[in-house]
*Asks:* 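There's a structure below that I have some questions on.
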Amino acid sequence: MAPLKNLAQLSLRHPKPKVVFSYGTAGFRTKADLLDSTIFRVGLLATLRSQYLRNRVVAVMITASHNPPEDNGVKVVDPEGEMLEAHWETYATSFANASSVEELQTLYNQLVEKLEIDTGIPGRVIYGRDSRESGPRLVAALEDGFKVSGAEVADYGVVTTPQLHYIVRCLNTKESSDSYGEPTELGYYEKLSEAYKKVLNGYSKAYSITIDAANGVGGPKIEELAKYLEGFISVKVVNNKYDQPQLLNSNCGADYVKTQQKLPSGIEPENLKLYASFDGDADRIVFFFVDEENNFKLLDGDKIATLCASFLHDLAVQSDVGFSLGVVQTAYANGSSTEYLTNTLKVPVECTATGVKHLHHAAQHFGIGVYFEANGHGTVLFDPNIIGTLKASKVSSPAQQLAIDSLLALSDLINQTVGDAISDLLLVIAILTIKDWSPSDWDSCYTDLPNRLSKVEVKDRTIFKTTDAERRLVSPPGLQNKIDDIVKQFPKGRSFVRASGTENVVRVYAESTSRVLADELALKVSRLLKPPQ
Ligand code: G16
């Protein structure tokens, strides 16, 4: 095969640093100044992915989501808006780690040959980025990659991650009978707002909510959406300085609120009123409120999952269509939430490894699959066959018709491609409005076991290997037994350790019957990870 035109010349502009890259939980993620070569090479890989899929459009998102401002990242999105297929993560990793232009060219040739990719097809790739300062520079590296691969490309500018997932699916379904919508930001706002109005059919109460936008891209986008929902929702956005990227995720945002279990800066709460926090690229959301005794109350991904599962379960029964509904969680799910789902709501619960890609696939096995990570990342998937059945149902009562209409509208309101803070916000508000529930009604469904999520910096996090959906360590040898011995000393104790796929840390999760005990358990397990200095 002839060498790629310009590869040698353009590679020189993007030299590889002496770092080993790995396509992690959500793509490549590290300090932004190390990512130039990786993103240039992702340009080549994304083009090949499109060519392999016979010219379907794939997307590239440049974001580091909840990470600090100096980080950045990149991930490839498949044509239906799903995460990149797992084998291709390995190819991406090998491209990123090629130590010379010659090696990169060889890897490229080998992949083309192995998968019989027709590189005569141009390849179509769209791309977008979050509001980080390093974004434009990294976009330029990506565009250099496209100059080498000759892809047909379109730049969607600063968008939320879920908007790009939505757009790529729309582009790929444009001509088909299951068209997902207009492949534009405008199309996204119109689709969500129209669906919201349909879900709320007959409920006229306007909902007012304050949102902490983490000083990220979600702020201007939710303000834009709110214009389409005047009279239905009223949104006040705080931490909305998306044009000051050094403030991104700083003392605010979904990750801060979840891990610190406290209010973000910039919020002076009114008791019993609902608030929400987005993360930096608006693919996660958590809610919170302050009760009458001024206690901070977190309504995280587990609470969202249980709220949605119970609401959808009732609609499923009323629709009389008969399909399975299940919930997918990870090991980070609070033990009380799993117990509530299993014993009170009586819905099946599955546990997968961390990472939307794992939850998403597991949720596809259900007629309606609700998946949420405790950190607020999740959505609800409707099996396309269920949609068909709902549409074709012979209706015997107005109540049944209402349930069917609601389910169909919900399948449009809920982003089917990936967890989406904006879509999830509307979903939760719609459910609370229809149920006429206050935040404390929602919170009182079950009581979380007190828990603590800590980060520990270690010399080499790659030695931490897990099994059983990340609930147990198999390496380093002997460490799991020591954790088990500590856990036994705590009532309702549970703790596990895993290496983060987005930050250079090891995460320690602990829960027990009181905050003090959960903190103590987390501390004791954390100490095991670091040999005494
Ligand atoms: C990403 C993934 C999530 C995951 C989170 C933390 O979220 O999409 O599925 O829960 O990272 O992963 P880890 O514990 O491996 O660092 P985001 O919002 O940062 O893209």
*Asks:* Got a second to check how far I62's CD1 is from K75's NZ, nearest 0.5 Å?
*Replies:* 12.5 Å
*Asks:* Under the ring-ring contact (aromatic ring centres under 6.0 Å, His included) test, which residues partner Y196, sequence neighbours left out?
*Replies:* none
*Asks:* By the salt bridge (Lys or Arg N to Asp or Glu O under 4.0 Å) test, which pairs, at least two apart or in different chains, include something from residues 350-377?
*Replies:* E89-K357
*Asks:* Nearest 0.5 Å please: distance from the OG atom of S131 over to the CG atom of D281.
*Replies:* 9.0 Å
*Asks:* Look at the side chain of R124 and the backbone N and O of N55, then say whether any donor-acceptor pair between them is shorter than 3.5 Å.
*Replies:* yes
*Asks:* Let me see the working for E503 and R29 under salt bridge (charged side-chain N to carboxylate O under 4.0 Å, His left out), right down to the final yes or no.
*Replies:* CA-CA 7 Å; E503 294 174 71; R29 216 176 265 191; over 6 Å; no
*Asks:* Is there side-chain contact between S208 and K273, with heavy atoms separated by less than 4.5 Å?
*Replies:* yes
*Asks:* Pair E82, Q364 - check side-chain hydrogen bond (donor to acceptor under 3.5 Å, both in side chains), show working.
*Replies:* CA-CA 12 Å; E82 294 174 1; Q364 283 171 326; 3.0 Å; yes
*Asks:* With under 30° as parallel and over 60° as perpendicular, where do the rings of F496 and Y332 fit, or are they tilted in between?
*Replies:* tilted
*Asks:* Might you confirm whether atom NZ of K492 has over 12 heavy atoms from other residues, nucleotides or ligands at distances under 6.0 Å?
*Replies:* no
*Asks:* side-chain hydrogen bond (donor to acceptor under 3.5 Å, both in side chains) with T330: which residues, sequence neighbours excluded?
*Replies:* none
*Asks:* Please name all residues satisfying salt bridge (Lys or Arg N to Asp or Glu O under 4.0 Å) with D255, sequence neighbours left out, ordered by chain then number.
*Replies:* R284
*Asks:* Donor-acceptor pairs under 3.5 angstrom involving side-chain atoms of residues 423-437: please list them, not counting sequence neighbours.
*Replies:*
unit_1	atom_1	unit_2	atom_2	d
S423	OG	L413	O	2.8
S423	OG	N415	N	3.0
T433	OG1	I429	O	2.6

*Asks:* Assess, by modelled atom type and distance only, whether the side chains of D420 and Y188 contain a donor and an acceptor separated by less than 3.5 Å.
*Replies:* yes
*Asks:* Which residues pass the salt bridge (Lys or Arg N to Asp or Glu O under 4.0 Å) test with D443, not counting sequence neighbours?
*Replies:* K303
*Asks:* D78: what forms a salt bridge (Lys or Arg N to Asp or Glu O under 4.0 Å) with it, not counting sequence neighbours?
*Replies:* R49
*Asks:* Given 3.5 Å as the limit, does a donor-acceptor pair link the side chain of D302 with the main chain of A333, or not?
*Replies:* no
*Asks:* When you measure from the side chain of E190 to the backbone N and O of G181, does any donor-acceptor pair fall under 3.5 Å?
*Replies:* no
*Asks:* Could you go through the ring pair (Phe, Tyr, Trp, His ring centres under 6.0 Å) check for H377 and F372 one step at a time?
*Replies:* CA-CA 6 Å; H377 205 149; F372 273 91; 8.9 Å; no
*Asks:* Got a salt bridge between K227 and E230, using NZ or NE/NH1/NH2 to carboxylate O under 4.0 Å?
*Replies:* no
*Asks:* Would you say S179's side chain and E175's backbone share a donor-acceptor pair under 3.5 angstrom?
*Replies:* no
*Asks:* Measuring only between side-chain heavy atoms, which start at C-beta, is F278 closer than 4.5 Å to I422?
*Replies:* yes
*Asks:* Between the side chain of S397 and the main-chain N/O of Q400, is any donor-acceptor distance below 3.5 Å?
*Replies:* yes
*Asks:* Hydrogens and angles aside, do S277 and D212 bring a side-chain donor and acceptor to less than 3.5 Å of each other?
*Replies:* yes
*Asks:* Please check if any side-chain donor atom of Q329 sits under 3.5 Å from a side-chain acceptor atom of S337, or the reverse.
*Replies:* yes
*Asks:* Within the 4.5 Å heavy-atom criterion, are L381 and Q416 side-chain neighbours or not?
*Replies:* yes
*Asks:* Which pair of heavy atoms, one from G218 and one from A213, lies closest together, and at what distance?
*Replies:* C-CB, 4.4 Å
*Asks:* Under the rule for ring-ring contact (aromatic ring centres under 6.0 Å, His included), what residues qualify as partners of Y446, not counting sequence neighbours?
*Replies:* Y340
*Asks:* Which residues pass the side-chain hydrogen bond (donor to acceptor under 3.5 Å, both in side chains) test with N172, sequence neighbours left out?
*Replies:* none
*Asks:* Say you draw a straight line from CG of L229 to OH of Y207; how long is it, rounded to the nearest 0.5 Å?
*Replies:* 15.0 Å
*Asks:* Can you check whether T161's main-chain N or O pairs, donor with acceptor, with D283's side chain at less than 3.5 Å?
*Replies:* no
*Asks:* Can any side-chain N or O of N295 pair as donor or acceptor with the backbone N or O of V290 at less than 3.5 Å?
*Replies:* no
*Asks:* Consider only side-chain N and O atoms of D279 and S65, and report whether a donor and an acceptor are under 3.5 Å apart.
*Replies:* yes
*Asks:* Salt bridge check: are R452 and E511 linked by an N-O gap of less than 4.0 Å?
*Replies:* no
*Asks:* Kindly give the heavy-atom pair with the smallest separation between V199 and A409, and that separation in Å.
*Replies:* CG2-CB, 3.5 Å
*Asks:* Verify ring pair (Phe, Tyr, Trp, His ring centres under 6.0 Å) between Y23 and W88, making sure each step is shown before the conclusion.
*Replies:* CA-CA 9 Å; Y23 199 100; W88 281 73; over 10 Å; no
*Asks:* Closer than 3.5 angstrom, by distance alone: can the side chain of E470 be matched with the main-chain N or O of T466 as a donor-acceptor pair?
*Replies:* no
*Asks:* Under the rule for ring-ring contact (aromatic ring centres under 6.0 Å, His included), what residues qualify as partners of F146, not counting sequence neighbours?
*Replies:* Y127
*Asks:* Backbone N or O of R472 within a donor-acceptor pair of the D468 side chain at under 3.5 Å?
*Replies:* no
*Asks:* At their closest point, which heavy atom of T184 faces which heavy atom of Y166, and how far apart are they?
*Replies:* O-CE2, 3.7 Å
*Asks:* Quick one: sort the H87 and Y91 rings into parallel, tilted or perpendicular, breaks at 30° and 60°.
*Replies:* parallel
*Asks:* For residues T352 and L359, report the shortest heavy-atom separation together with the two atoms involved.
*Replies:* OG1-CG, 3.5 Å
*Asks:* Side chains of L407 and D405, heavy atoms from C-beta outward: is any pair under 4.5 Å?
*Replies:* no
*Asks:* Taking ring-ring contact (aromatic ring centres under 6.0 Å, His included) as the test, write out the residues that go with Y242, two or more places apart.
*Replies:* none
*Asks:* Taking atom types as modelled, is there a side-chain donor on T47 or S149 under 3.5 Å from an acceptor on the other?
*Replies:* yes
*Asks:* Run through R494, R498, R471 and flag the one making a side chain to side chain contact (heavy atoms under 4.5 Å, CB included) with Y509.
*Replies:* R494
*Asks:* What residues, two or more places apart in sequence or in another chain, satisfy side-chain hydrogen bond (donor to acceptor under 3.5 Å, both in side chains) together with E270?
*Replies:* none
*Asks:* Establish, yes or no, whether the cationic atom of R169 lies under 6.0 Å from the six-membered ring centre of Y180 and within 45° of the ring axis.
*Replies:* yes
